[in-house]
Amino acid sequence: MSGSSINDRLRYLPAVHTILNSDEGIKLVQKYGHKQVVEASQFVLDLWRKKLKDSKVLTVPDLASIMLEIREYLLSVSQSCLKRVINGTGIILHTNLGRAVLGDKVRQDLAEGACHYINLEYDLHEGKRGSRYAYVEKLLVQITGAESALVVNNNAAAVLLTVSTLAGGKEAIVSRGELVEIGGSFRLPDVLKLGGAKLIEVGTTNRTYATDYQKAVGLNTSLILKVHTSNYCITGFTKSVSREALVEIAQEANIPLVEDLGSGSLLDLAPYGLQGETPVYDIISQGVDVVTFSGDKLLGGPQAGIIVGKKKYLEAMKQNQLLRALRIDKLSLLALQGTLQAYLDKETIFENLPIYRMVAKNPEVLKKKAYEICDNLASFNKELIINAVPTKGFVGGGSVPEQFLPSWGIGLRLNNKSLVNIDKYFRDLETPIIGYIAKDYFVIDLRTLLPGDEEIIVRSIRNIINIL
Ligand SMILES: *Cc1c(COP(=O)(O)O)cnc(C)c1O
């Protein structure tokens, strides 16, 4: 065909209906729907028309290669929208995968609240305007023992609102060991600046003493800020100042002590082998004036920022105009309400908070499961090498850095196939499976799986032979 005229060549391109009626076309329509496949076909054909017209290519592609391009186009479109994925990373609060997953009760609350009207800012008792914060405030006060509470869009917003309200353009004292950066876009010095505070750094990266704080406190000091070093540990020759000592220093100077906890746990995690996260109610009872933390980290809820503490500081925050810009939306608020309600009943807390079910999974049970899956799959194709492998699970989300949860996963590889290709195969699935490459295997950790995930994984592993 290369010798024919441009118009001839254009005519040889398949028509959209030919594409739709081909075997592959029918399959694609089943998977993506008629409209999507028509659009994809038109997009791919237009590109070829242009290339042929401009004589950039002289040969008309065959139907099979056009179908391949349409398939890739549809896949890339479907991959770019937000959708369910399977978390096989072993990281429970994976920031790139949406952090905490919500429980079934919250799912029902959300479905009901999203598609019906709710009393968001309507006081049913009085029959007039109410506050969207009132009920979650009550829950937070009950759970943390604080005098007052407020919720905003996320913890970054919680810190910003706190600083902007309490600093009033004056100085905020922070240890040099705690000037954190979280995930690239939350840098504490920048947030303080944005909140109108003048940062006063005290101590050194590894050692800060009570006297460092005492010397820095002056007439211009508005607050002391203690920050959880969420994503790193400073070990070795170190010294930091205890919470009790900071409470005393702040009280003497008559300024608030603010603590940005980052993750912030409402439970004692020591029984699950995780050390060093003081529960929020203990921090409040130790006398910290204002505590901020995230809704979607160890709390196990939606993205939200929680502020709990002394009434006089929280009242001032509620008057700050910034609150309107940082306010939490109704769906997050509903999910937060449902999550907090789960904490009221210690008996059912684990059923209602999936992240704690994951934290509490017994490694022996995971090991047994890993062997069971691998034994079932091992013999079905000789190209496939699959083994139960010990792994390390993590809480993630800046909680308990450097501590791991012993876990198990399935490790697989195929003769003559690169692990990079296997990794891509799992990401390209309709329900993508996110694992990782470790040494000789592509690994799917079992700790972070949810009900229904295992069947999809087994089916996808059986299919891998046909595809790769
Ligand atoms: C995670 C974290 C933040 C940011 O919280 P978001 O809810 O993600 O906005 C702030 N400070 C610390 C110490 C954190 O760990």
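Counting convention: from 1, in listed order, for ligands and their atoms alike.
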Inset, instruction - Please confirm whether Arg207 makes a cation-pi placement over Phe237, using NZ or CZ under 6.0 Å from the six-membered ring centre and within 45° of the ring normal. - result: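 Yes, Arg207 sits over the ring of Phe237.
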Inset, instruction - May I ask you to establish whether Arg357 and Phe350 are in a cation-pi arrangement, using a distance under 6.0 Å from NZ or CZ to the six-membered ring centre and at most 45° from the ring axis? - result: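 So Arg357 doesn't make the cation-pi contact.
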Inset, instruction - Write out the protein residues near ligand 1, meaning a non-hydrogen atom under 4.0 Å from one of its atoms, in order of chain and number. - result: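 If the criterion is a heavy atom under 4.0 Å, then ligand 1 touches Arg99, Asn154, Asn155, Ala156, Ile182, Phe186, His228, Ser230, Asp260, Gly262, Ser294, Lys297.
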Inset, instruction - For Gln108, enumerate each residue passing the side chain to side chain contact (heavy atoms under 4.5 Å, CB included) test, keeping only those at least two apart in sequence or located in another chain. - result: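 Scan of Gln108 (side chain to side chain contact (heavy atoms under 4.5 Å, CB included), adjacent residues dropped) gives none.
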Inset, instruction - Could I get the full list of side-chain hydrogen bond (donor to acceptor under 3.5 Å, both in side chains) partners for Thr165, not counting sequence neighbours? - result: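 Here the qualifying residues are Asn320.
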Legend entry - side-chain hydrogen bond (donor to acceptor under 3.5 Å, both in side chains) partners for Glu315, two or more places apart: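 For Glu315 there are no side-chain hydrogen bond (donor to acceptor under 3.5 Å, both in side chains) partners, ignoring immediate neighbours.
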Legend entry - Donor on one side chain, acceptor on other, Glu277 and His228, under 3.5 Å: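 Checked: Glu277/His228 side chains pair up, N/O donor to acceptor below 3.5 Å.
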